[in-house]
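Report on the structure given below.
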Amino acid sequence: MAHSDGTISITVNGEHKRVTAGLTIAALAESLGLVPEKLAVERNLEVVPRSTLGSVMVEDGDELEIVHFVGGGDHPVAGGGGDHAAAVDADTWTVAGRTFRSRLIVGTGKYRDFAQNAAAVAASGAEIVTVAVRRVNVSDPNAPMLTDYIDPKKVTYLPNTAGCFTADDAIRTLRLAREAGGWDLVKLEVLGEARTLYPNMRETLTATEVLVREGFKPMVYCVDDPIAAKQLEEAGAVAIMPLGAPIGSGLGIQNQVTIRLIVEGAKVPVLVDAGVGQASDAAVAMELGCDGVLMNTAIAEARDPILMAAAMRAAVEAGRMSYRAGRMGKRRYADPSSPLSGLI
């Protein structure tokens, strides 16, 4: 019911506001200085389809969540030539029916600003970036947005559920993400507790099953357990993403045996997600046969993030070529490189 002054009381992203009665959600967004086409809106815990934002009226007592994609925050990278460059370019991978050349996925958190983030993405050669879904800053609608720096028409956005500790929260987040960008390829992570950020596999599996039924194509962060990986694949995960070490630790791959077993048993892409600290860690992941590597902190917290992004790009490409070439067999004793026959 409208107040005597023709206004109604609503809550927007946790802030109580009085606005003119008779506004549509789209008109409300515009009155806040926001662009409806770049938003996803939840009204009283129900996602409002973007196509109806111009017709759904805001009512007294409504609780609205307005979200968009956020991240952290052109550096040329020397390119090779000849047969090696051609081999890298021709070596693509496919997830959920989409094909990519770059096997490096980078995050968009912890950077100094969006400009640095965008420069790092360019240096990495990544074609996919993970993005978190967070509330729009309704108090400062002119604040810069990730989409102003990294064009989702040129780089694939992979919405993730960073910070979610239950299946319900992760599902809710991705429903909003789909409304915001229309993407069904998503990254699912459901954490167990804040200290280790290890995945809660029971909640992760539950969320995977629900999301698959709703038409999502989840790439799933999980423990480095071949059995858990197989269960996720059977539930419909389009990619398995075991941790190499705890998120943000930079410890490198702690258990190469289980990562290799997951790779050997999976029929969907396997990407190491979390724990990479330096370029050699990325190369190891690729030499184990992984289809790719996802990282954020290793680049964003490097002394020179742009240079580290280029290093990670080279490491992923080198590790992949090493895997394809096939390493030499290990021996217990020395074996001379030069033949002993004809020795002077």
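All values below come from the heavy atoms of this structure, side chains included, with hydrogens, waters and symmetry mates left out. Quick note: residue numbers are just sequence positions, from 1. Keep in mind the model is a prediction, meaning the values are calculated, not measured.
Counting only residues at least two apart or on different chains, no ring-ring contact (aromatic ring centres under 6.0 Å, His included) pair has a member in residues 195-251. Sequence neighbours left out, the pairs with a member in residues 240-269 that pass salt bridge (charged side-chain N to carboxylate O under 4.0 Å, His left out) are Arg260-Glu264.
Between the OG1 atom in Thr297 and the CD1 atom in Ile247 there is a gap of 8.5 Å [rounded to 0.5 Å]. Rounding to the nearest 0.5 Å gives a distance of 10.0 Å between CD of Glu30 and CG of Leu53. Note that CG of Asp281 and CE of Met295 are 8.5 Å apart. Values are rounded to the nearest 0.5 Å.
Ion pairing between Arg43 and Glu59 holds under the 4.0 Å rule for side-chain N and carboxylate O. Comment: Arg313 engages Glu317 in a salt bridge, judged by a side-chain N to carboxylate O separation of less than 4.0 angstrom. Ion pairing between a basic and an acidic side chain is recognised when a charged N comes within 4.0 Å of a carboxylate O; Asp91 and Arg101 show no such pairing. The existence of a salt bridge linking Arg175 and Glu214 is confirmed by a sub-4.0 Å separation between a basic side-chain nitrogen and an acidic carboxylate oxygen.
Checked against side chain to side chain contact (heavy atoms under 4.5 Å, CB included), Arg331 has the following partners two or more places apart in sequence or in another chain: Met328, Asp335.
In this structure, Ala309 and Leu104 approach most closely via the heavy-atom pair O-CD2, 4.5 Å. Of all non-hydrogen atoms in Val276 and Ala282, the two that sit nearest each other are CG1-N, 4.3 Å. Met57 and Gly22 get closest at one heavy-atom pair: CE-O, 2.9 Å. Looking at every heavy atom in both residues, Leu271 comes nearest to Pro242 through O-CD, 3.3 Å. Of all the heavy atoms in Val190 and Phe165, the pair that sits closest is CG1-C, 3.7 Å.
Side chain of Thr161 to main chain of Glu189: a donor-acceptor pair is present (N/O by atom type, distance under 3.5 Å, no hydrogens or angles). A donor-acceptor pair is defined here as one N or O able to donate and one able to accept, closer than 3.5 Å; such a pair exists between the side chain of Gln254 and the backbone of Leu251. Under the 3.5 Å distance criterion, the side-chain polar atoms of Ser249 are left unmatched by any main-chain donor or acceptor of Ala245. Side-chain atoms of Glu203 come within 3.5 Å of backbone atoms of Ala167 as a donor-acceptor pair (strictly under, hydrogens ignored). Judged purely by atom type and a 3.5 angstrom limit, Asp62 has no side-chain atom pairing as donor or acceptor with the backbone of Leu64.
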Practice item. Take Arg320 and Asp291, measure what salt bridge (charged side-chain N to carboxylate O under 4.0 Å, His left out) needs, and give me the verdict at the end. Key: CA-CA 8 Å; Arg320 175 62 181 173; Asp291 295 276; 5.3 Å; no
Review point. Does the side chain to side chain donor-acceptor pair (under 3.5 Å) test come out yes or no for Ser322 and Glu287, once each step is laid out?
Key: CA-CA 6 Å; Ser322 175; Glu287 288 176 334; 3.0 Å; yes
Practice item. Go through the steps for Glu209 and Thr206 under the test side chain to side chain donor-acceptor pair (under 3.5 Å), then give the verdict. Key: CA-CA 5 Å; Glu209 293 170 341; Thr206 297; 5.0 Å; no
Check your understanding: Passes salt bridge (charged side-chain N to carboxylate O under 4.0 Å, His left out), Arg172 versus Glu42? Steps please.
Key -> CA-CA 10 Å; Arg172 177 187 177 193; Glu42 181 184 73; 2.4 Å; yes
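Counting heavy atoms from C-beta outward, Pro305 and Gln116 have side chains that approach closer than 4.5 Å. At a threshold of 4.5 Å between non-hydrogen side-chain atoms, the residues Val186 and Met219 do not count as touching.
Under a hydrophobic clustering in which Ile, Leu, Val, Met, Phe, Trp and Tyr are joined whenever their side-chain heavy atoms come within less than 4.5 Å, directly or via other members, Met286 and Ile105 fall into different clusters.
With Leu176 as the fixed residue, the side chain to side chain contact (heavy atoms under 4.5 Å, CB included) test singles out one of Val48, Val67, Val41, Ile171: Val67.
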